Asker: 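Here it is, the structure in full.
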Amino acid sequence: MAEKLSVSNGSKAEKYQTLLPQIKSLIAGEDDLIANLANVSAALKETFGFFWAGFYLVKGGELVLGPFQGLVACTRIKKGRGVCGASWERAETLVVPDVDAFPGHIACSSLSRSEIVVPLLRADGEVWGVLDIDSESLNTFDETDARFLEELCSWF
């Protein structure tokens, strides 16, 4: 993949099946983490039209905003706070159909209605960051998203 994505018009699974090999090819040729995270954020937003897609990286005991596509976001998140902090603390993917129903949700934007957060894990299981994706619609994310996004995150 150079500078252009081939985007499928099919189902959600078909879109991921078309996108993931392109992302894998893109990041395989680049060793700069920030460049790869930036391109992955852009590819996800372009393919799915997500409201917000990006990464938070663990630094100094907090999640710190990394590369993203979307509106201005929260800069720092403490472990256990909000969906991102909870995903970090639990070291597991969280699919939130309605962010208003999630205890302690951090509203970086009041337009966000549903969210998925996937932890980035080292080989020993330590979380070193999270992929955070928000939607302006309720119930956007499901097990299909979780499965494909967990595969994508395992490549870093």
Side-chain angles (χ1 to χ4, degrees), residues 1-59 63-75 77 82-84 86-88 90-99 102 106-123 125-156:
M1 183 170 112
E3 293 94 18
K4 186 167 170 68
L5 286 177
S6 173
V7 178
S8 168
N9 291 324
S11 69
K12 181 189 290 191
E14 289 168 335
K15 287 181 180 183
Y16 279 115
Q17 289 165 348
T18 300
L19 177 64
L20 264 57
Q22 295 177 81
I23 289 176
K24 191 170 198 175
S25 175
L26 175 67
I27 67 176
E30 177 55 61
D31 62 3
D32 187 273
L33 177 64
I34 299 303
N36 286 333
L37 297 179
N39 271 332
V40 168
S41 299
L44 289 168
K45 186 157 177 34
E46 181 178 340
T47 299
F48 294 97
F50 294 136
F51 176 66
W52 197 94
F55 294 89
Y56 283 90
L57 306 175
V58 176
K59 293 183 181 182
L63 288 172
V64 179
L65 182 63
F68 72 93
Q69 295 283 311
L71 299 177
V72 172
C74 300
T75 305
I77 299 172
V83 182
C84 290
S87 176
W88 173 23
R90 299 175 195 174
E92 66 183 36
T93 299
L94 296 179
V95 176
V96 180
D98 179 354
V99 296
F102 188 88
I106 301 168
C108 295
S109 170
S110 61
L111 299 175
S112 178
R113 302 298 313 274
S114 61
E115 185 171 3
I116 185 169
V117 179
V118 180
L120 302 166
L121 303 168
R122 298 191 197 290
E126 178 187 4
V127 177
W128 60 270
V130 298
L131 168 61
D132 178 22
I133 304 176
D134 293 9
S135 171
E136 291 176 290
S137 301
L138 294 171
N139 300 304
T140 297
F141 306 104
D142 57 25
E143 195 53 43
T144 299
D145 298 286
R147 180 169 45 96
F148 284 105
L149 293 172
E150 286 170 355
E151 178 182 344
L152 185 154
C153 288
S154 75
W155 299 338
F156 291 106

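Index from 1, following the sequence. Please read these numbers as outputs of a predicted model, since none were measured by experiment. Computed from heavy atoms alone, side chains included, the values below leave out hydrogens, waters and symmetry copies.
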Asker: Applying side chain to side chain contact (heavy atoms under 4.5 Å, CB included) between L149 and each of L44, V95, T144, report the one that passes.
Answerer: L44

Asker: Mind telling me whether F50 and F141 have parallel, tilted or perpendicular rings, with 30° and 60° as the class edges?
Answerer: tilted

Asker: Evaluate the side-chain proximity of V40 to I27: yes if any heavy-atom separation is below 4.5 Å, no if none is.
Answerer: yes

Asker: Testing the basics here: between R113 and E136, what is the closest heavy-atom pair and its distance to 0.1 Å?
Answerer: CG-O, 2.9 Å

Asker: For I77 and C84, work out which heavy atoms get closest and say how close.
Answerer: CD1-CB, 3.9 Å

Asker: State whether the side chain of Q22 and the backbone N or O of T18 hold a donor-acceptor pair below 3.5 Å, judged by distance alone.
Answerer: yes

Asker: Classify the side-chain pair S8/E14 by whether it contains a donor and acceptor separated by less than 3.5 Å.
Answerer: no

Asker: Looking only at heavy atoms, which two atoms of S87 and P119 are closest? And how far apart?
Answerer: OG-CD, 3.5 Å

Asker: To the nearest 0.5 Å, how far apart are CD in E143 and CD in E150?
Answerer: 7.0 Å

Asker: Has D32 got more than 12 heavy atoms of other residues, nucleotides or ligands less than 6.0 Å from its CG?
Answerer: yes

Asker: Are F68 and Y56 close enough that their ring centers fall under 6.0 Å?
Answerer: no

Asker: Keeping the roles fixed (side chain from N39, backbone from N36), state whether a donor-acceptor pair exists under 3.5 Å.
Answerer: no

Asker: Is S114 reaching over with its side chain to a backbone N or O of S137, donor-acceptor style, under 3.5 angstrom?
Answerer: yes

Asker: Does any non-hydrogen side-chain atom of L63 lie less than 4.5 Å from one of V58?
Answerer: yes

Asker: Considering only heavy atoms from C-beta outward, does the side chain of L37 approach that of L57 to under 4.5 Å?
Answerer: yes

Asker: Can you name the closest pair of heavy atoms from C74 and L65 and give their distance?
Answerer: O-CB, 3.8 Å

Asker: Which value, rounded to the nearest 0.5 Å, describes the distance between R122 atom CZ and F156 atom CZ?
Answerer: 13.5 Å

Asker: Rounded to the nearest 0.5 Å, what separates atom OG in S41 from atom CH2 in W52?
Answerer: 7.0 Å

Asker: Less than 4.5 Å apart, side chain to side chain, heavy atoms only: is that true for I133 and F48?
Answerer: no

Asker: When rounded to the nearest 0.5 angstrom, what is the spacing between OG in S135 and CD1 in I116?
Answerer: 11.5 Å

Asker: Identify the two heavy atoms, one from L121 and one from A91, that lie closest to each other, and give their separation to 0.1 Å.
Answerer: CD2-CB, 4.3 Å

Asker: Check whether any side-chain heavy atom of F51 lies under 4.5 Å from a side-chain heavy atom of T140, and answer yes or no.
Answerer: no

Asker: What I'd like to find out is whether the side chain of W155 reaches to under 4.5 Å of the side chain of I23, using heavy atoms alone.
Answerer: yes

Asker: To the closest 0.5 Å, what do you measure between OH (Y16) and CD (E151)?
Answerer: 11.5 Å

Asker: Out of curiosity, T47 OG1 to L19 CG, how far, rounded to the nearest 0.5 Å?
Answerer: 4.0 Å

